[in-house]
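The structure under discussion appears below in the form of structure tokens.
Letters go in sequence order (proteins before strands), and every chain restarts at 1.
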Amino acid sequence: MIEKPIMKAEEAVKQIKDGSVIMVGGFMGCGTPLSLVNALDKQGTKDLTLICNDTAIYNPDKNLVTGVAPLVVDKRFKKIIASHIGTNRETGRQMNAGETEVQLVPQGTLAEKIRAAGFGLGGFLTPTGVGTEVENGKQIIEVNGKKYLLELPLFADFALLKAKKADKAGNLIYSKSARNFNPIMATAAKVVIAEVDEIVEIGELDPDDIVTPFIFVSILVLNEKKNK
Amino acid sequence: MIEKPIMKAEEAVKQIKDGSVIMVGGFMGCGTPLSLVNALDKQGTKDLTLICNDTAIYNPDKNLVTGVAPLVVDKRFKKIIASHIGTNRETGRQMNAGETEVQLVPQGTLAEKIRAAGFGLGGFLTPTGVGTEVENGKQIIEVNGKKYLLELPLFADFALLKAKKADKAGNLIYSKSARNFNPIMATAAKVVIAEVDEIVEIGELDPDDIVTPFIFVSILVLNEKKNK
Amino acid sequence: MEYTPDKSKIAKRIARFFKSGDIVNLGIGLPTEVANYLPEGVVITLHSENGFVGLGPVPKEGEEDYDIVNAGGMPVTILPGGAFFDSCTSFGIIRGGHLDYTVLGVLEVDQEGNLANYKVPGKLIPGMGGAMDLTVGAKKVIAATLHFDKGNCKLVKKCSLPLTAKGEVDYVVTDCGFFTVENGKFVLQEYFKGYDPDFIIKNTPADVIIAPNCKEIDI
Amino acid sequence: MEYTPDKSKIAKRIARFFKSGDIVNLGIGLPTEVANYLPEGVVITLHSENGFVGLGPVPKEGEEDYDIVNAGGMPVTILPGGAFFDSCTSFGIIRGGHLDYTVLGVLEVDQEGNLANYKVPGKLIPGMGGAMDLTVGAKKVIAATLHFDKGNCKLVKKCSLPLTAKGEVDYVVTDCGFFTVENGKFVLQEYFKGYDPDFIIKNTPADVIIAPNCKEIDI
């Protein structure tokens, strides 16, 4: 088994250029790779497209900034694709001011679109969103008398993931509900960078327990702060 | 957490009636619930529709009968949906003689059709089979200039699964490559019967390691022979 | 007869729908409170759409595990027998009809069973999160809402806000009563002590009919 | 010049395509033998479509674990660092373009890159198994075949048997040479010692052209 490169966060995000499409794991900040987010923010890369479940929490009154929120606040995105932006008032402000394009996607559809990209499907039929604004511009296909929307795959240049543990081959195991979008995004990006709390030797993970097989992972970053 | 009923194989298969559609886990017999298969065979239920990756091995010259093969030999099926029947000469004989209807489905498409049923999708677009006999009778949809087949979901009345371990709530963990179709089939049948080598108390399985959450499982059967 | 908002009545009534073994998703806010009123002996499983079943109570202060959060991002716990999974599986469970109930908050609900709860154009656009999947996927959709908000009834003839789901609402529970949605009308099944059918019909702009066996409940 | 079937040449040549880190699926039969001829120092990962990566060698007699089998159902092993998964994930890996190569057996392969290897109508109908997914999904599709079977060349102008995949074959390796498939022709890139381009062209019913840098290989 070949070992994957292990890099500092600053080094790993260097390949991300202005205009890249990035997926970032996490749900309201839980399961988001904070070292990578912070390194990317520091790097100043702009005009990014973000694919993420939500834009986490930004509430300056309570001094709360979680998950990908710092990138939003620093206006790194030209476009955000998410299911929920209600807990980050800056995302809403930028959207209403026309500064950032925001595309809202139902959460299950978002997850499935990412999987479709990673798993080579040209799209899928979902009942979610039929009869709502979500159906605008989409093909409606009837199967056995029931209407479905044809939803298309969603790819990225980079996926930034958070896992609990990796072996040096790049196999990943997640922690509890910090799993969420991470394993799905691992399949759908050209370069997959995983920030992990621990790196063990090849062979130390039980092959029955591995959630993301090493073949999906490009680069490992050790989270030295074990930040949460 | 509610405990699931634990039954003998003979008792668990009683609800399966003539004409039922059954999914059976396994790949060439590996990961097939043999106690359930044998109990069903003994019960004599007929005109079943089988959904299974393959019809395992039947080679009387070598005295080999594995997986679902006994059910084929005893002509329990009026229809078989599988990706491969080449190692069970009796399936081929019944097909050629017009005794049993056999529908061959590419393996990845078969797996995805079962998942689509379990996960509430109306179908999916796959490039697999485009330009082959598999496309006959199917809608072809072009996305970004590439052709895909629209494949529809595949449901069952019963799923017969094999797992390594269950807790009393019905959470399942599989053994190695005996996992194969089992977790997918768990999602797509009205009644899910899991044959397991070991049943432990609720709370003994790490919630990060569980592959099939208990909500999918109806009945547990303890494999007393630990047959393989 | 005077209206006094009382969210606890809504949560209490909804809790009585469930029987042991049910798999339920409770939305953020008012729906979450339903868990506090389960009748004794009823054991249900809560599904958390961010990726697990077996959602347990809020942890004691200082015992939070920030890797276990609910759909609102707040620390919670997982019960013994619970299981974690990824977001595709979580929404597969939802869409695939494996939830018995979903309980959701309301901006507007109408007599066709339409629900609007994710967007007020030009004002509040939080996004639909998992709500659109939950409404099309769960076997029964319960809309939980105060009957009136700032004087306006939340039960309307036709939603004016963008829909979360079309024709998917089965039950509406307010602090005045419990309604089913049938054939384009709200059907009053129960009215809660302090209100009567006349008051409810007069103050609800939608079409409400009274079920033959409609009764008063002291909740 | 006389034809002597030699499968080992095919396996040896195919093994030379791979570089360390490649993810490869080897079909049952002849393709499986490729693993025996990897050049020293080249570390590839084998994918087994029944549900794992990190396929290892056949176990010693008496050490078989019948829960670890290959796509032919025979006991194999898993290497340290390998991982098991379900069939949907396995074919997601295949269809999603995560395999660098797939090596498949052949009933017929034609100059348009069409492959037939799963069915002889009225005779042998084993089914396509994973072959249709593998051919559309893998980055490079290698067809591995003896050049002749019972006197018939396996490289044809147009497949007469039902197709496994349309236009997906990139490379064809026989025991006579290595061909690419380009613009509706087989392009001879290498001829193996014992044969020459004339012999190959004369005895292959399909259109074969000789690559500008075509060379002899002693394999």
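- For the pair R16(D) and F18(D), the cation-pi test (distance below 6.0 Å, angle within 45°) is failed.
- Here C88(D) is the residue among G137(D), G127(D), C88(D), A71(D) with the most heavy-atom pairs under 4.5 Å with chain B.
- Taking 4.0 Å as the cut-off between side-chain N and carboxylate O, E135(B) and K138(B) do not count as a salt-bridged pair.
- Between the side chains of T102(D) and H47(D), no donor N or O sits under 3.5 Å from an acceptor N or O.
- Using a 4.0 Å cut-off between a side-chain N of Lys or Arg and a carboxylate O of Asp or Glu, K4(B) and D167(B) do not qualify as a salt bridge.
- In summary, D86(D) and R179(B) do not engage in a salt bridge, as defined by a charged side-chain N under 4.0 Å from a carboxylate O.
- In terms of heavy-atom pairs under 4.5 angstrom with chain B, the leader among K166(D), M128(D), M132(D), M74(D) is M128(D).
- Comparing G129(B), P106(B), S175(B) by heavy-atom pairs within less than 4.5 Å of chain D, the highest count is held by P106(B).
- With a threshold of 4.5 angstrom between heavy atoms, N114(D) does not approach chain B through any atom at all.
- In terms of heavy-atom pairs under 4.5 Å with chain B, the best-connected choice from G73(D), S48(D), S87(D) is S87(D).
- Per-residue heavy-atom pair counts under 4.5 Å with chain D were compared for R115(B), M95(B), Q107(B), E112(B), and the maximum is reached by Q107(B).
- For D175(D) and K7(D), the salt-bridge test fails: no basic side-chain N is under 4.0 Å from an acidic carboxylate O.
- With a threshold of 4.5 angstrom between heavy atoms, E168(D) does not approach chain B through any atom at all.
- Your options are F52(D), F91(D), F85(D), and the one with the most heavy-atom pairs under 4.5 Å with chain B is F91(D).
- Between D197(B) and K162(B) there is a salt bridge, since a side-chain N of the basic residue sits under 4.0 Å from a carboxylate O of the acidic one.
- Contact annotation for T109(B): both backbone and side-chain heavy atoms come within less than 4.5 Å of a heavy atom of chain D.
- The most heavy-atom pairs under 4.5 Å with chain D, out of P127(B), A178(B), A82(B), come from P127(B).
- Only the side chain of I184(B) comes within contact range of chain D, judged by heavy atoms closer than 4.5 Å.
- Atom CZ of residue F181(B) and atom CG of residue D54(B) lie 8.5 Å apart, to the nearest 0.5 angstrom.
- Taking a cutoff of 4.0 Å between a charged side-chain nitrogen and a carboxylate oxygen, E112(D) and K157(D) do not qualify as a salt bridge.
- Only the backbone of V105(B) comes within less than 4.5 Å of a heavy atom of chain D; no side-chain atom from C-beta onward does.
- Looking at P183(B), only its side chain comes within 4.5 Å of chain D, counting heavy atoms on both sides.
- Remark: F77(B) CZ to I51(B) CD1 distance equals 10.5 Å, nearest 0.5 Å.
- For chain D, no part of V211(B) is nearby; none of its heavy atoms comes within less than 4.5 Å.
- For I125(D), the parts lying under 4.5 angstrom from a heavy atom of chain B are both the backbone and the side chain.
- Looking at N180(B), both its backbone and its side chain come within 4.5 Å of chain D, counting heavy atoms on both sides.
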